[in-house]
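All heavy atoms count here, side chains included; hydrogens, waters and symmetry mates do not. Convention: sequence-line order gives letters A, B, ...; per-chain numbering from 1.
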Protein chains: 2
Amino acid sequence: MSETGQPAPSEAFDRDQQRRRKRLAVLKTAASAFNRRGFANTSMDDVASALGISKPALYQYFKSKQDILYECHLLAVQHGEAGVEEGQRTRGSGLDKLLAYVGRYMHGFFSDLGSCAVLLDVYSLADKHRAEIQKRRDGVTDAVEGFIARGIKDGSIVERDAKLTALFIFGVLNWMLVWYRPSGPATPAQIIETFVSLLERGLAARASVLIESEPKL
Amino acid sequence: MSETGQPAPSEAFDRDQQRRRKRLAVLKTAASAFNRRGFANTSMDDVASALGISKPALYQYFKSKQDILYECHLLAVQHGEAGVEEGQRTRGSGLDKLLAYVGRYMHGFFSDLGSCAVLLDVYSLADKHRAEIQKRRDGVTDAVEGFIARGIKDGSIVERDAKLTALFIFGVLNWMLVWYRPSGPATPAQIIETFVSLLERGLAARASVLIESEPKL
DNA sequence: ACCCCTCCCTACTCGCTAGTAAGTTTTCTT
DNA sequence: AAGAAAACTTACTAGCGAGTAGGGAGGGGT
């Protein structure tokens, strides 16, 4: 009926496809620069010349500089929320749920977006956007604290302040955005394995992980 | 001999003293704002009105906005270096040295400067200052990695990548600057205790800490 | 009483950059 | 081939904020 009648624009190089790819390239380039040098220290001209185009070309894909930042934050918070869902889905102790969250979040962070996400510079967002991001972040924080509180109750996590423990974990995770470069020496898999086991040993009430390595001497 | 002959300006209200106190107030106010909202989002007018004075008054104490940032970074890196010295002074395993570093750093962070330190926005520094700060930070990083490597060798730290482990720790420590408020619910002592024991358990080859809590069930 | 020094104010300048206007090249359609 | 739409360019505008000029108030020394 109301279909526009286009014969499914076929091939891999139709207009919209290209447009989306270019848009993503802008997002990635900008995010990388934002993470490296900071949002305010990155001009739109910087982003443009990094892509080999001129500034106004950027405005075909994003309404404003803040809009780019907003989408970066959206991606980051979506990964957080995906991690929370993973934790809720996971059957087991509070610790199991927590580690499921951490694993899912890190996996998302590394895989699908190089490092499009930004965490700092929330304040650079327009009030309306900032409120939304803050609220969704708070949701993630609450859920993670919930996993920890549950773990403390069920005995899988050694007794400790749930809020402080959450801040400990967020520190580890958020700092990745500052130092991680896809070109760096460590592979995502190594990073995930190291960090998860550091957290697991630090939190676990039972020293289950100790088994895997014989004591030296 | 070459003393200026002033009869030691006596009391608590001599000129220089007041000046230094005002200067410190500027530094603390600015640093707090920088940490909260970011360097670029904080105008000199903001800082001034937070102190109840006008912008040009600030320029009596600091040459430029960047100068304030530079001193914040100096304070931060000095605490890092003090931690490294503490670690080097400490006799014992690599783990002991590492934990001495962490403890000293956190203690310095909380006590003497509320939160004057800034870590992000290194890029907002002038090139010359940035180079210095980066270099000194690299020194701290190397030393911490050294503690970890030593701990891996002497068996006090469970085998793991020293660089990644250092990044894990720096994440925890650096993120404090973002969330810590002196007015917050947790006391510095609680935070130090919780974080140090989380790190110790995560890193230690022997589960020495387990002794302190009876297994539940 | 006078001067001078410190401190701080109001009222500017000037550079930098986000965003826009208007024209040009490219690319798809028919 | 013609024409229209999309993509991108150069050349601007406008506003924000760091830093400054220059003046005024207060206090301590002589």
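- If you check every strand for non-hydrogen atoms under 4.0 Å, A/K63 touches nothing.
- Listed in residue order, the members of residues 122-129 of chain A having a heavy atom less than 4.0 Å from DNA chain C come to none.
- Computed from coordinates, the A/I68 CD1 to C/dT17 P distance equals 16 Å when rounded to whole Å.
- Residues from residues 48-56 of chain B that place a heavy atom under 4.0 Å from any atom of DNA chain D, listed by number: B/K55, B/P56.
- The separation between B/Y61 atom OH and C/dC8 atom P is 4 Å, rounded to whole Å.
- Contact between A/L58 and A/M44 at its shortest, heavy atoms only, is CD1-O, 3.4 Å.
- Distance B/L69 CG to D/dA18 P: 13 Å, rounded to the nearest Å.
- Taking atom CG on A/D46 and atom C1' on C/dT17, their separation rounds to 10 Å, with Å as the unit.
- As judged by a 4.0 angstrom heavy-atom cut-off over every strand, B/A57 is placed among residues touching the sugar-phosphate backbone only.
- Taking every side-chain heavy atom of B/R19 into account, C/dC7 is the closest of C/dG19, D/dG19, C/dC7.
- Counting heavy atoms from C-beta outward, B/S64 and B/Y70 have side chains that stay 4.5 Å or more apart.
- Within a 6.0 Å sphere centred on CZ of A/R21, heavy atoms belonging to other residues, nucleotides or ligands number 12 at most.
- Within the nucleic acid shown, A/F62 has no heavy atom closer than 4.0 Å to any nucleic acid atom.
- Contact between the side-chain N/O atoms of B/Q60 and the OP1/OP2 oxygens of C/dC8 is found at a separation under 4.0 Å.
- Going from atom OH of A/Y59 over to atom P of D/dA7 covers 18 Å, rounded to whole Å.
- Both tests do not hold together for B/R36 against A/Y123: distance to the six-membered ring centre under 6.0 Å, angle to the ring axis within 45°.
- In summary, the side chains of B/S93 and B/D96 do present a donor paired with an acceptor at a separation below 3.5 Å, with no hydrogens or angles considered.
- Residue A/D45 contributes atom CG, which lies 12 Å from atom P of C/dC16 at whole-angstrom precision.
- The interatomic distance linking A/L58 (CG) with C/dG19 (P) rounds to 11 Å, in whole Å.
- Residue B/A31 comes nearest to B/C72 through the heavy atom pair CB-SG, 3.6 Å, listed as atom of the first residue, atom of the second, then distance.
- Shown here are the side-chain contact (heavy atoms from CB on, under 4.5 Å) partners of B/V178, two or more places apart in sequence or in another chain: B/L120, B/W175.
- Put simply, CD on B/Q66 is 7 Å from P on D/dG19, counting in whole angstrom units.
- Shown here for A/M106 and A/I192, the closest heavy-atom pair between the two residues is CE-CA, 3.7 Å.
- Note on ring orientation: taking the six-membered ring where Trp is involved, the planes of B/Y101 and B/F147 are tilted (angle from 30° to 60°).
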